[in-house]
Amino acid sequence: MISEKFAQGDSRLHSMNPGIKILGCSFLALAVALNGSFLAIYLGLIFGFSLLLWARLPLLLVAKQLMAINIFVLFLWITLPLTSASGPEISLGPLMLYEHGIDMAHKITIKANCIGLFIISLLSTSTVHQIGKGLQQL
């Protein structure tokens, strides 16, 4: 059975047309994923938190959902700084950390959390049935 923890609610996002939420989520996710600027990525993160507050979702449940994303991202933090051999290096004993890898891991972390917030705030506030109807409308 599909768990729809966030679909019950009375916020404006819950009552919004699912087709518009699908388009909005797709556009925002693409805009963040394709952007390389830290400023734009952080603005997207702020907007994602704003959507989350607007949806009035339980923050503990949202944190649990984001934890799943961040466990995967943790593995990127372990590997990318060690393997992205370009740019300045940071010596940490016998390990060489590369700034390019650290920057990549940083950007991926922010982007993944940002897109996760968009999906939780916009798509999870509708039932699967409503999302299907929204896709059909599109």
Side-chain angles (χ1 to χ4, degrees):
M1 184 168 168
I2 297 172
S3 175
E4 297 176 336
K5 301 172 195 168
F6 304 122
Q8 290 6 33
D10 61 347
S11 72
R12 291 195 42 125
L13 279 179
H14 284 87
S15 61
M16 188 181 282
N17 182 337
I20 292 173
K21 291 197 289 187
I22 292 167
L23 285 176
C25 184
S26 300
F27 173 75
L28 291 169
L30 269 172
V32 167
L34 298 176
N35 204 315
S37 162
F38 275 111
L39 176 64
I41 296 168
Y42 275 105
L43 286 175
L45 187 65
I46 291 169
F47 189 68
F49 277 115
S50 300
L51 285 173
L52 182 68
L53 293 175
W54 194 26
R56 294 188 294 217
L57 298 175
L59 296 181
L60 186 60
L61 286 176
V62 172
K64 286 181 182 179
Q65 296 292 318
L66 290 177
M67 187 61 69
I69 294 170
N70 287 312
I71 288 172
F72 169 73
V73 169
L74 175 66
F75 291 109
L76 294 175
W77 274 98
I78 293 169
T79 57
L80 281 176
L82 296 171
T83 59
S84 291
S86 66
E89 324 175 324
I90 301 168
S91 177
L92 201 63
L95 296 175
M96 296 302 288
L97 302 178
Y98 297 96
E99 285 187 29
H100 179 67
I102 294 170
D103 283 344
M104 283 177 47
H106 184 190
K107 284 181 182 179
I108 292 170
T109 301
I110 302 304
K111 287 179 180 188
N113 282 284
C114 187
I115 292 169
L117 286 172
F118 294 154
I119 291 170
I120 291 170
S121 299
L122 293 172
L123 299 184
S124 295
T125 53
S126 297
T127 64
V128 173
H129 179 70
Q130 290 170 329
I131 295 293
K133 286 177 92 173
L135 286 170
Q136 186 178 19
Q137 290 173 353
L138 293 174

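Note that the numbering runs from 1 along the sequence shown for the chain.
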For Ser11 and Ala55 the tightest heavy-atom approach is OG-O, 3.4 Å
Checking Leu66, Ile108, Val32 against Asn113 for side chain to side chain contact (heavy atoms under 4.5 Å, CB included), the one that qualifies is Leu66
Q) Does any N or O in the side chain of Ser124 come within less than 3.5 Å of the main-chain N or O of Ser121, such that one atom is a donor and the other an acceptor? A) no
>> Hydrophobic cluster membership, with links at side-chain heavy-atom distances under 4.5 Å among I/L/V/M/F/W/Y: are Leu53 and Ile46 in one?
In response: no
Treating Ile, Leu, Val, Met, Phe, Trp and Tyr as nodes and any side-chain heavy-atom pair under 4.5 angstrom as an edge, say whether Val73 and Phe38 lie in one connected cluster.
-> yes
Next item on the list: State yes or no: do Met104 and Phe72 share one hydrophobic cluster built from I, L, V, M, F, W and Y residues joined by side-chain heavy-atom distances below 4.5 Å, directly or via other members?
Entry: yes
| field | Test item: side-chain donor near acceptor, Trp77 and Thr109, under 3.5 Å | value | yes
Is any side-chain heavy atom of Phe49 closer than 4.5 Å to one of Leu52? yes
Q) Could you walk me through whether Asp103 and Leu80 pass the side-chain contact (heavy atoms from CB on, under 4.5 Å) check? A) CA-CA 9 Å; Asp103 283 344; Leu80 281 176; over 6 Å; no
CH2 (Trp54) and CZ (Phe47) are apart, to the nearest 0.5 Å, by 8.0 Å
OG of Ser50 to CG of Leu45, rounded to nearest 0.5 Å, is 9.5 Å
Heavy-atom check, side chain of Leu51 versus side chain of Leu28, under 4.5 Å: yes
Check your understanding: Hey, are the side chains of Leu95 and Leu82 touching, using non-hydrogen atoms and a 4.5 Å cut-off?
Key -> yes
With side-chain contact (heavy atoms from CB on, under 4.5 Å) as the test, would you mind laying out the steps for Ile22 and Gln137 before giving the verdict? CA-CA 11 Å; Ile22 292 167; Gln137 290 173 353; over 6 Å; no
For this session: Using atom types as modelled and distance alone, determine if a side-chain donor or acceptor of Lys111 lies under 3.5 Å from a backbone N or O of Asn35.
Result: yes
Review point. Any sub-3.5 Å donor-acceptor pair from Thr125's side-chain atoms to Leu122's backbone N or O?
Key: yes
Taken to the nearest 0.5 Å, the spacing of His100 NE2 from Thr83 OG1 works out to 9.5 Å
For Ser126 and Pro18 the tightest heavy-atom approach is OG-CB, 4.3 Å
query: Are Ile41 and Leu39 linked, directly or through other ILVMFWY residues, by side chains that come within less than 4.5 angstrom of each other?
result: no
Answer yes or no: are there more than 12 heavy-atom neighbours, outside Lys107 itself, under 6.0 Å from its atom NZ?
-> yes
Tell me whether Ile110 is reachable from Ile120 by hopping between hydrophobic residues (I, L, V, M, F, W, Y) whose side-chain heavy atoms are closer than 4.5 Å. yes
Interatomic distance, CG@Leu60 vs CD@Gln65, rounded to 0.5 Å, equals 11.0 Å
